[in-house]
Every structure is written in C-alpha cells, then in structure tokens.
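This report concerns only the one structure given below.
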Amino acid sequence: MINLSVDTRNLSSTLPQKDLEIILAEMINLVEYSFNVNVEDIDGDNSYWIETPDDEIEELDLFGIIEIGEDQCTFQKMISLTHEAGHAIYHSDPHFKDTEETLFKEATAWYLGYHFMAEHGYIFNKEEYDVELSKAIYLYTRSEHARNVK
C-alpha cells in the first residue's frame, strides 16, 4: 500500500536529466539508509546486489553492496537500484531468504523494490517499469533454460 503522507514523484524517462539525477541521488540515500548498504558504480551496464554473508554482518556493519552499472542512463539506474533494493528486502525476509529458485527470487525482487519505492513516494511510470521487468524476466528465463539444457 502506498503511504499517501509522503510527497510523491512520478518517475518517467521523459523527466529532465537534471531532475532524474537529483531523484537518483535521493533514492540512493534512501536505500543506503534503509538497508545499511553501500550503493556503488561499476563498469558496464549490469547491476548487482551483493549480500554480506550472515556471519560477517556484525563485523562489517553493512548488510551488502548494490552495484549499479555506469553505462546505464539515469532512468535505467533508478530502475536497477529499485530492483536491487528488492533483493535486499527479499534477503532480509526469513521466509524467502533460503529460496534458491532464480526466477522466483528475481520476480519477487522486482515486485518488492517497486513497492518499497512507491511507499516512499517514488512512483515509476508502470509501462516503463514493466518493459524493463519483462526484458529482465525474459533474460533470466533464457539463462535458466540454457543452464538446464547442459
């Protein structure tokens, strides 16, 4: 459920670049604060959630790292950050944490990330978000199929 007490921002790739950059910085701060993670840039166009192993969490005081591919446009970085935040939420849930089914984990992370951002006032254009979600699920499915064929 969306918290209507927060200011909402309707996110679309059509927003001015300067606005997208400001909003991305806000979203990074939100994710880092909410999940005690570092968000870092990496080469390329892929993004990743790297969890801190459970036995090291107390030592490092970090729950993980979210790496965002530098070659993505700003709007794509926002979507990637949202999805990777979904992985942080997923990992912290004891009911999901040990599930190994890739498609389930990935689809759930897309859902959890979207709703986390929406609850904090960052509302993605649903059509644009769904295009990225569909592309990603297609690639995960192909990857899983290729792995199972071997």
Side-chain angles (χ1 to χ4, degrees), residues 1-52 62-149:
M1 172 152 299
I2 296 172
N3 180 352
L4 298 178
S5 67
V6 298
D7 291 335
T8 59
R9 294 179 184 247
N10 294 313
L11 307 178
S12 171
S13 61
T14 61
L15 289 173
Q17 181 61 28
K18 180 105 172 124
D19 292 349
L20 290 172
E21 290 170 3
I22 291 168
I23 295 167
L24 175 60
E26 291 173 0
M27 292 170 73
I28 288 170
N29 287 335
L30 172 65
V31 168
E32 287 182 333
Y33 177 78
S34 296
F35 303 114
N36 200 27
V37 299
N38 279 343
V39 176
E40 302 173 355
D41 290 331
I42 60 167
D43 289 333
D45 59 2
N46 290 321
S47 298
Y48 306 95
W49 151 254
I50 302 169
E51 66 188 72
T52 300
L62 276 179
F63 191 57
I65 297 169
I66 293 176
E67 295 181 335
I68 304 294
E70 291 179 315
D71 293 345
Q72 300 175 68
C73 71
T74 305
F75 186 71
Q76 181 62 46
K77 288 178 182 180
M78 295 163 72
I79 290 176
S80 295
L81 175 66
T82 298
H83 171 68
E84 300 308 334
H87 280 292
I89 296 165
Y90 182 100
H91 180 73
S92 67
D93 188 316
H95 298 290
F96 293 142
K97 186 176 182 171
D98 295 325
T99 302
E100 292 301 321
E101 177 60 43
T102 300
L103 289 175
F104 179 78
K105 289 193 312 190
E106 294 298 335
T108 304
W110 280 96
Y111 175 83
L112 293 171
Y114 181 89
H115 284 279
F116 170 79
M117 289 299 181
E119 288 172 1
H120 288 87
Y122 298 99
I123 312 294
F124 282 94
N125 173 293
K126 190 71 169 99
E127 289 78 26
E128 288 182 286
Y129 193 83
D130 285 350
V131 164
E132 296 304 318
L133 182 154
S134 295
K135 281 195 275 187
I137 296 297
Y138 172 75
L139 291 173
Y140 302 136
T141 302
R142 283 189 59 194
S143 174
E144 285 296 299
H145 178 71
R147 190 174 311 153
N148 291 336
V149 169

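Note that the numbering runs from 1 along the sequence shown for the chain. The shown structure was predicted, so the numbers you read here are calculated from the model rather than taken from an experiment.
In this structure, CD1 on Ile89 lies 11.5 Å from OG1 on Thr108, to the nearest 0.5 angstrom. Separating the NE2 atom in His87 from the OG1 atom in Thr82 is a distance of 12.0 Å, to the nearest 0.5 Å. Once rounded to the nearest 0.5 Å, the distance linking CG of Asn46 with CG of Leu139 reads 9.5 Å. Between atom CG of residue Leu11 and atom CD1 of residue Ile123 there is a gap of 7.5 Å, rounded to the nearest 0.5 Å. We find the CG-OG1 distance between Leu20 and Thr14 to be 8.0 Å, quoted to the nearest 0.5 Å. In this structure, Thr74 OG1 and Gln76 CD are separated by 10.5 Å, a value rounded to the nearest 0.5 Å.
Between Lys135 and Val131 the shortest side-chain heavy-atom distance falls below 4.5 Å. You'll find the side chain of Asn29 reaches within 4.5 Å of the side chain of Glu32, heavy atoms only. Between Leu30 and Met117 the shortest side-chain heavy-atom distance falls below 4.5 Å. By the 4.5 Å heavy-atom criterion applied to side chains, Phe35 and Trp49 are not counted as neighbours. Residues Ile23 and Leu15 meet the side-chain proximity criterion, which asks for heavy atoms closer than 4.5 Å.
Here the side chain of Ser34 pairs no donor or acceptor atom with the backbone of Val31 at under 3.5 angstrom. When atom types are taken as modelled, the side chain of Glu128 and the backbone of Ser13 share a donor-acceptor pair closer than 3.5 angstrom. No donor-acceptor distance shorter than 3.5 angstrom exists from the side chain of Glu106 to the backbone of Ile137, with no hydrogens or angles considered.
Looking at residues two or more places apart in sequence or on another chain, you find a side-chain contact (heavy atoms from CB on, under 4.5 Å) between Asp93 and His95, Phe96. Applying the salt bridge (Lys or Arg N to Asp or Glu O under 4.0 Å) criterion to Lys126, with sequence neighbours excluded, gives Asp130. The salt bridge (Lys or Arg N to Asp or Glu O under 4.0 Å) search around Glu26 returns Arg9, not counting sequence neighbours.
Looking at Lys77, His83, Glu84, Gln72 one by one, the single match for side chain to side chain donor-acceptor pair (under 3.5 Å) with Ser47 turns out to be Gln72.
Using cut-offs of 30° and 60° on the angle between ring planes, the pair Phe75 and Phe124 is perpendicular. Under the 30°/60° scheme for interplanar angles, the aromatic rings of Tyr111 and His115 are found to be tilted. Below 30°, between 30° and 60°, or above 60°: for Trp110 and Tyr129 the angle between ring planes is above 60°, a perpendicular geometry.
The two residues Leu112 and Gly86 make their nearest non-hydrogen contact at CD1-O, 3.9 Å.
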| CA sep, side-chain torsions, deciding dist, call: Glu21, Lys18, salt bridge (Lys or Arg N to Asp or Glu O under 4.0 Å) | CA-CA 5 Å; Glu21 290 170 3; Lys18 180 105 172 124; 5.6 Å; no

| request: Starting from the C-alpha separation in whole Å, work towards a yes-or-no answer on side-chain contact (heavy atoms from CB on, under 4.5 Å) for Tyr114 and Leu133. | output: CA-CA 10 Å; Tyr114 181 89; Leu133 182 154; over 6 Å; no

